[in-house]
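What follows is a short report on a single structure.
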Amino acid sequence: MRRRNIFALVDCNNFYVSCERVFDPKLTGRVVVVLSNNDGCIISRSAEAKAAGVKMGAPLFQAQALLDAHDAAIFSSNYALYGDMSRRVAETLEAFTPEVELYSIDEAFLNLDGCSGGGGAESLSDTGRKIRATVERWTGIPVCIGIAETKTLAKVAVAVAKHSQKARGVVNLVDPTYLKQALERVKVEDVWGIGPNYARRLKAAGIKTALDLRATDVPLWRRRASVMLERVIYELRGVSCLPLELCPPPRRSLTVSRSFGAPVESLADLREAVAFYATRAGEKLRRRNLVANALVVFLSTNRFADAPVYAPSATVSLPCATSYTADLIRCAHHALDKIYSAGHRFKKAGVMLVGLVPAAPVQQSMFVSTERADRLMHALDRINARMGSHTLRYGALGLKQRGRWQALCDRRSPRFTTRWDELLTLNLRATRG
DNA sequence: TCTGGGGTCCTAGGACCC
DNA sequence: TCTGGGGTCCTAGGACCC
């Protein structure tokens with residue numbers, strides 16, 4: 001029998017708020033919001049907050065009065081907690097099928113083919129309801145589930161499930177009976193893959209709903225926009241273009257950035273900020289056992305001001321793939337110097353590491369008495385032989401003093417090398433000083 | 001006054017090489 | 001020195017996602 005695509009999208013309701021409620025049930029029934037990193041914006045709202053008119057992404061200072069009026073509970077975000085709850089939800093889903101793609105912290109795609117008994121439309125919905133009830137019982141997190149033959153249609157199904165009383169949290173669009181109805185109810189700007197820009201252009205062309213978008217001329221919009229939009233249209237027509245990704249692709253970049261409380265103008269302050277971000281980025285890199293080949297520094301003026309935004313950036317190749325803090329800071333400063341010009345009030349800065357590759361976990365060391373240089377050279381030769389074709393980056397010389405080893409020095413080679421004597425020269429020069 | 005942070009993919013244009 | 005097409009790589013910018 002041919003394998004069908006049957007995607008189920010499991011989407012946690014108001015995820016961050018729901019996580020907070022698991023640990024404080026008294027929050028149930030209240031207006032609850034969770035704030036973004038700097039406590040700047042509202043990024044999660046309880047149903048009560050939505051009903052009260054609190055807008056997604058609204059800055060706190062604009063919503064404060066409304067929140068006060070509703071005696072709202074306001075939380076700073078706690079990503080350690082949300083990450084842990086996300087893992088529990090994922091484990092629950094994996095009890096139903098091994099084919100689970102963790103799409104984001106609060107969403108997962110499942111392959112439901114083979115998951116249900118008869119395979120008919122009715123039993124798919126039953127499976128969905130069973131998953132929903134189990135997740136709520138095991139983790140305390142309420143979810144909605146959309147079932148369809150493409151990921152984009154599963155997104156449509158979830159959007160409908162969230163607003164339909166009748167659906168009881170599960171909408172199945174594999175059965176085409178309600179497909180047209182569902183597509184008609186989803187506005188074009190709410191379709192997955194349609195952002196503000198495409199939405200504006202589509203609406204200007206009279207395309208207002210997901211149903212309209214499904215019926216549009218594919219080559220025309222491929223030309224006017226991109227393959228991304230083309231793919232969205234095909235997916236709405238039931239042609240699956242986005243497969244389930246069971247093993248996450250390796251990470252390609254890593255960013256550390258912050259907005260400044262007050263605008264920053266001086267190069268000295270920016271150098272300090274950028275050095276801090278580079279340090280944090282290096283820590284993340286090492287935690288994931290990666291090294292970076294290049295580094296990007298970016299700045300931005302206030303994007304909410306009337307003036308046009310000035311957002312320069314510069315990319316600098318690292319002399320060799322590294323996660324070494326001193327290298328990252330040096331290159332970050334170099335990149336900053338390239339883009340800095342006085343007279344701008346910057347509101348944001350960041351460091352992005354790109355060209356990430358796994359760090360080679362190769363190490364060899366050997367300590368010998370330093371009394372005789374020839375014995376030292378002999379030891380180094382033996383290490384060199386053991387290293388084979390590995391290129392080296394670090395070298396150290398040891399000295400035994402009163403029963404304890406001490407590093408005489410720990411110097412880096414200026415470039416990749418297979419030559420131990422190059423490292424040795426560096427080390428000896430360093431010790432002489 | 002106060003407006004998040006961290007990702008991916010696509011496209012167009014230029015440099016360079018054969 | 002001029003001619004041309006085609007390929008790759010890099011960069012910057014745009015668009016989208018959570």
Side-chain angles (χ1 to χ4, degrees), chain A residues 9 11-12 14-16 33-44 55-65 67 74-77 79 82-83 86 101-109 151-152 155 158 188-202 221-232 235 241-242 245 248-263 277 280-281 284-285 288 293-298 300-306 309-317 335 338-339 345 347-356:
Chain A
L9 174 60
D11 188 320
C12 301
N14 332 318
F15 184 56
Y16 299 166
V33 297
V34 175
L35 304 176
S36 65
N37 270 26
N38 283 351
D39 286 352
C41 295
I42 290 161
I43 54 168
S44 183
K55 295 274 174 285
M56 180 62 174
L60 178 61
F61 73 91
Q62 278 175 12
Q64 190 75 59
L67 293 170
I74 304 173
F75 289 86
S76 295
S77 37
Y79 288 103
Y82 310 149
S86 178
E101 173 189 339
L102 304 176
Y103 174 69
S104 73
I105 196 163
D106 67 340
E107 289 165 278
F109 286 103
K151 283 182 165 180
T152 306
K155 279 271 190 183
V158 156
V188 75
E189 64 265 37
D190 295 333
V191 172
W192 195 38
I194 306 300
N197 202 293
Y198 288 168
R200 186 173 40 76
R201 287 153 66 182
L202 288 165
W221 284 99
R222 161 80 213 243
R223 255 182 290 120
R224 282 194 189 172
S226 69
V227 287
M228 307 292 273
L229 187 49
E230 180 185 31
R231 241 177 263 166
V232 171
E235 284 249 323
C241 307
L242 304 166
E245 299 216 17
R251 178 184 293 267
R252 306 179 59 121
S253 72
L254 179 161
T255 307
V256 177
S257 71
R258 290 288 178 279
S259 293
F260 303 129
Y277 305 148
R280 286 284 103 81
K284 285 188 181 181
L285 209 50
R288 298 182 170 121
N293 276 295
L295 177 151
V296 184
V297 168
F298 55 90
S300 176
T301 57
N302 191 350
R303 64 195 170 100
F304 298 101
D306 278 338
V309 176
Y310 176 59
S313 73
T315 308
V316 177
S317 303
K338 280 170 60 170
I339 53 175
R345 294 157 60 78
K347 275 291 286 177
K348 182 177 177 166
V351 168
M352 175 160 63
L353 302 179
V354 295
L356 307 188

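Lettering of chains follows the sequences in order, A, B, ..., and the numbering in each one begins at 1. Computed from a predicted model, the values in this text were never measured in an experiment.
The side chain of A:Ser104 places no N or O atom within less than 4.0 Å of a non-bridging phosphate oxygen (OP1 or OP2) of C:dC17. Contact between the side-chain N/O atoms of A:Arg252 and the OP1/OP2 oxygens of B:dG7 is not found at any separation under 4.0 Å. Taking only side-chain nitrogens and oxygens, A:Arg231 never comes nearer than 4.0 Å to OP1 or OP2 of B:dC9. Residue A:Arg303 places at least one side-chain N or O closer than 4.0 Å to OP1 or OP2 of B:dG4. Between A:Thr255 and the phosphate of B:dG7, there is a side-chain N or O to OP1/OP2 separation shorter than 4.0 Å. Side-chain N/O atoms of A:Lys155 include one lying less than 4.0 angstrom from OP1 or OP2 on C:dC18. For A:Asn197, no side-chain nitrogen or oxygen approaches OP1 or OP2 of C:dC16 to under 4.0 Å.
For C:dC18 and B:dC2, the C1' atoms lie 24 Å apart once the distance is rounded to whole Å.
A salt bridge does not link A:Lys151 with A:Glu245: none of the charged nitrogens is closer than 4.0 Å to a carboxylate oxygen.
Relative orientation of the A:Phe109 and A:Tyr103 rings is perpendicular, given thresholds of 30° and 60° on the angle between their planes.
Of all non-hydrogen atoms in A:Met56 and A:Ser44, the two that sit nearest each other are SD-N, 4.4 Å.
A donor-acceptor pair under 3.5 Å links the side-chain atoms of A:Lys347 to the main chain of A:Phe260, judged by distance alone.
In a base pair of the Watson-Crick type (N1 to N3 plus N6-O4 or O6-N4) or a G-U wobble (N1-O2 and O6-N3), with each distance short of 3.5 Å, C:dC17 is matched with B:dG6.
You'll find that the side chain of A:Ser257 is closest to B:dG6, out of C:dC18, B:dC10, B:dG6.
Mapping A:Pro249 and A:Arg258 onto DNA chain B via the closest heavy atom, the residue that lands nearer the 5' end is A:Arg258. Mapping A:Arg222 and A:Cys41 onto DNA chain B by nearest heavy atom places A:Cys41 at the nucleotide closer to the 5' end.
When heavy atoms are screened at a 4.0 angstrom cut-off, A:Asp39 is found touching no nucleic acid atom at all.
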